[in-house]
Amino acid sequence: MKPFAYERPDDAQGAVATVSADPGAAFLAGGTNLVDHLRLGLATPSTLVDVTGLTSTEITDAPDGGLSIGAGVRNADLAADERVRARYPVLAQALLAGASGQLRNMATTGGNLLQRTRCAYFQDLTTPCNKREPGSGCSALEGWARHHAVLGATHEPADVACVATHPSDMAVALAVLDAQVRVLGAEGERTIPLSALHRLPGGEPSRDTVLAHGELITAVDLPPSPIAARSTYDKVRDRASFAFALVSVAAAIEVVGDTITDARVALGGVAHKPWRATAAEEALVGAPATDDTFRAAARAELVDARPVESPRGGTAFKLPLVTAAVTAALRGLTGREEHA
Amino acid sequence: MTLTPHAMGTAVPRPEGPEKVRGRAPYAFEHPAAEPLYLFPVQAAIARGRVTAIDTSAADALDGVVLVLTPETAPRLSDAIDPDHGVLQSAQVHQHGQYVAAVVATTSETAREAAELVRVTYAQEPHVAALDEDSPELYGPDTLVTGAPSDDTRGDPDAALAQAAVTVRATYRTSMEHHQPMEPHTTVAVWEGGRLVVHEATQAVSWTRQTLAGAFGLAEDDVDVVAPHVGGGFGSKGGTHPNTVLTALVARAVPGRTVKYALTRQQMFDLVGYRPATIQHVALGADADGRLTAITHDVVEQSSRIQEFVEPTAAFSRGMYEADTRRTSHRVAPLDIGVPTYMRAPGEAPGSFGAECAMDELAVALGVDPIELRVRNEPEVDPEEGLPYSSRNLVACLRRGAELFDWSRRDPTPRSRLVDGWWHGSGVAAATFPVVRFPGSEARVRAARNGVAGNGSGAPRYVVEIAASDIGQGAWAALTAIAADALDVPVERIDLAIGDTAFGSASPAGGSSGTTSWGAAITEAAERFRDKYGDDPDDGDAADATTPDNPWAGEYAMHAYGAHFAEVAVHADTGEIRVPRMLGVFAAGRIVNPLTARSQFLGGMTMGLSAALHEESVLDDRFGHVVNRDLAGYHIATCADVGRMDVEWLDEDDPYVNPMGSKGIGEIGIVGAAAAIANAAHHATGVRVRSLPITLDAFL
């Protein structure tokens, strides 16, 4: 643990200016991930800029019928909001599936998006990790990789390999809702689609998002989404509570007669980012709402999947698990009783 | 003598409860000290080799750093100590995470920062950290950690298996597990002149004193160890670990200053012991009626290269069932990892998984109900010692559990009950744990009729002192009840004092032995007191006693028994596992305090649930350390994993075990619980999982 300066600017612009000007500075919101990293020696900022109170803590109705969520809104408050529960149940469910009550009371909307992977080797300073120490190698490839990726990972070359997953549940729900992220930077404000906020590791696994140093998330906008009123978040994990997803499914579906007319699917626990399952969505629309369709759609999404084949516990089991979880989630939404 | 129960058997609230609830009961780290110093260690980043250089200059230069100790500068310890306790005594590295230096500073943050600034250079050597049953390094130990022989063969089990009408042969695996009490291991040490005073999170103040006196070449009287309240232990706080020796060593270099060291959660995975992983080859042979003709239980398990610890895994199979022939054996893989230690029901917990799953497999193979199979193999006398039982009510536990669990309505066909998308099944397993009495606990009873403890005129109060430990199990309440009955007074007249070597020597809170060992000493002291002073003593009258030998030892086999029932639900699509219901029925002698006993049983069952579904220390053998080293990575069961949990116990009147008629209850709750869940998972799905923890991938 390295000593650091602590600053509390008067406004978001001041916070952005301070962090932008100092490569060693970092934003502090709820602190539920960053404070752990300080203790572990994983984050060594010279200055912490506390943004508590500098971004909105309100959830407001947008003119288009959507909602705007201030970056400072706590996870617990977002999950409890009546409008979120009625209009975007997938989001409320995802939030409540995450962490614990105590953590949700602290964690903010902006901070949740920017939490980092829980890969054991990333969090352990004594083991190689390309995300933490670029070029040092990936310990997970042949290590304990139960929580790791099957989609979009970098398996080689060794000096950039990364099979980490993004741990957020909330972000998976936001991906399926086509959320937009508002960001304030030294150059001004910009808006990024949620599904473009997080990166795949590519050749630069140390970068989780497309944000520049000093850019601050100020709000998340949800567009109106009639389909979302019938949506679900199904999280499959090793423990019934307080565990990260092995695989999670955020889904919304519209069925007319027996035919699927619209579908939204996103996956968590499978990639370096919340994974919008567009191939699955394409396979669903126009098809009959049956288990066979749901399974085929999941498999369509997995065509390019590549599990971690580790002798110490890889992710091959996630291929059938994704198929099972997508099938169960969509079956649940369509209210049918058919089982594997 | 046998006590007449008045307080025993009634719900006695924890006398220390109000203080704990108010946050006023001091745990080790909270012991107040003037200007304490804080220790933070530097830990080895390799599993085996040698430290070639340590550069402490950046740490030394930091404001607030008082001292940086290295193997070159550390005070010397006695040579006559366990290898694991030789902290900072040589440059050799024998495990990842080993202490290689330590910083003391005026704040904990500074100590931690300085420790990160210490630069260590190593000469690395090849290490072995994977448990491999084909390893050429496997060896047969002389004894188990209990002192029992490693191997035991009766008759010719291989021949019996060859001739058996029905056989089951299977290999079961259990994981390395870490204890993880809420209160981390903590030491607060100060040297006052030639004396060492330690506040310690320990299950055994006397053992800690003994270890520290040995390490520093002191008389035991020159070491005080104090632990009135301990925030959980599960066995890791039974033995003394390098952290305690390190803190005392560092404190020696700053005499008169108090040094505090509480382990981080990550460090709890490095240096304070664990339950070793096991590989268990079990074979059962039976005649067509289901009578066992052979039991073999052959185990390969982890230990540390520098210090042997042999988990008594197969010991469970030595006495549980009648069988014509029998073999139990243990082979140990010496690895370059930390030293294992006792963890709740060492041996019985992992061993019962293999043995009780195999019984279930045999029941399926025979087409016999698993309860009936156990009843048919109930021994007349203890198969291990040939002694009659002081009391054995396994069958009664099974029968009562069956009644409570509606067992008679169970369709034995696997994968036959699908409810709302979940496969449901039920399973049973048996449990046992020996009655353990450790010698040497010193108890003192003293009358107090004046001053703070008495009022001079009314009825006398009794101060009862013993260096027992309460790690949450309820010793404060149980010993108060025993003392009250032994002195034939109400509990309100007892002032118990425990957790301090000032009260003499005492055995640990371990081996489910506390109530037996401490209670027998208190009863003996009370008897002497009453013989000498009657019921109207003068202020200051006192009598002492040490745990007496049990006159019935060697005449009777003494064990507690139990039966676990579990209902398991497995998601038909995703394989997720939940346990809607668990039931434990136990026969464990007189239950001294039903209030805390229920928690003991439930806690054991919960730990068994946790072992069944979650607990696994993932040892990455490339590096030699556990990589899921926090409570987000190392899962312990949550309330959401289980529905209803019920505990019931049967009344047993056993005059042979001890004056209280009690058997230990701290550990039996975990024994067999994981097997009941695995057996239920098989009944639910038809999939037999022989490796713990049971995770959803098994059912995909």
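Throughout, a chain's letter reflects where its sequence line sits, starting with A, and its residues are numbered from 1.
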From [X] [atom1] over to [Y] [atom2], what is the distance, rounded to the nearest 0.5 angstrom?
X: A/R237; Y: B/T574; atom1: CZ; atom2: OG1; value: 11.5 Å
X: B/Q266; Y: A/D124; atom1: CD; atom2: CG; value: 9.0 Å
X: B/I46; Y: A/T126; atom1: CD1; atom2: OG1; value: 11.5 Å
X: B/D573; Y: A/D291; atom1: CG; atom2: CG; value: 7.0 Å
X: B/D697; Y: A/K318; atom1: CG; atom2: NZ; value: 10.5 Å
X: A/F242; Y: B/D641; atom1: CZ; atom2: CG; value: 13.0 Å

Heavy atoms only, distances under 4.5 angstrom: which of [options] has the most pairs with chain A? Name it, please.
options: B/T638, B/L613, B/L117; result: B/T638
options: B/R578, B/E109, B/R629; result: B/R578
options: B/N628, B/T110, B/D621; result: B/D621

Could you walk me through whether B/V618 and A/R312 satisfy the side chain to side chain contact (heavy atoms under 4.5 Å, CB included) test, starting with their C-alpha distance in whole Å, then the side-chain angles of each, then the deciding distance to 0.1 Å, before giving a yes or no?
CA-CA 9 Å; B/V618 180; A/R312 295 170 184 85; 6.0 Å; no
What verdict does the side chain to side chain contact (heavy atoms under 4.5 Å, CB included) test give for A/R146 and B/T695, after you've listed the backbone C-alpha separation in whole Å, the side-chain angles of each residue and the deciding distance to 0.1 Å?
CA-CA 11 Å; A/R146 185 167 177 78; B/T695 54; 3.4 Å; yes
Using non-hydrogen atoms and a 4.5 Å limit, figure out which bit of [X] sits close to chain B: side chain, backbone, both or neither.
X: A/E142; value: both
X: A/R239; value: both
X: A/R39; value: both
X: A/L246; value: side chain
X: A/S139; value: both
X: A/D238; value: both

Is it true that the NZ or CZ of B/R622 lies under 6.0 Å from the centre of A/Y121's six-membered ring and within 45 degrees of the ring axis?
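Yes, B/R622 sits over the ring of A/Y121.
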Return the minimal non-hydrogen interatomic distance between A/K2 and B/E113, and the atom names on each side.
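Taking A/K2 first and B/E113 second, the nearest heavy atoms are CA-CG, 4.4 Å.
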Can you name the nearest heavy-atom pair linking A/W144 to B/D620, along with the distance?
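That would be N-OD2, 4.5 Å.
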Side chain, backbone, both or neither: which part of [X] has an atom under 4.5 Å from a heavy atom of chain A?
X: B/D630; answer: side chain
X: B/L631; answer: backbone
X: B/Q43; answer: neither
X: B/H635; answer: both
X: B/V627; answer: both

Quick one: of A/A120, A/S241, A/A325, who has the most non-hydrogen atom pairs under 4.5 Å with chain B?
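The residue among A/A120, A/S241, A/A325 with the greatest pair count is A/S241.
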If you count heavy-atom pairs under 4.5 Å with chain B, which of A/L40, A/T127, A/L125 comes out on top?
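With the most close heavy-atom pairs to chain B, the winner is A/T127.
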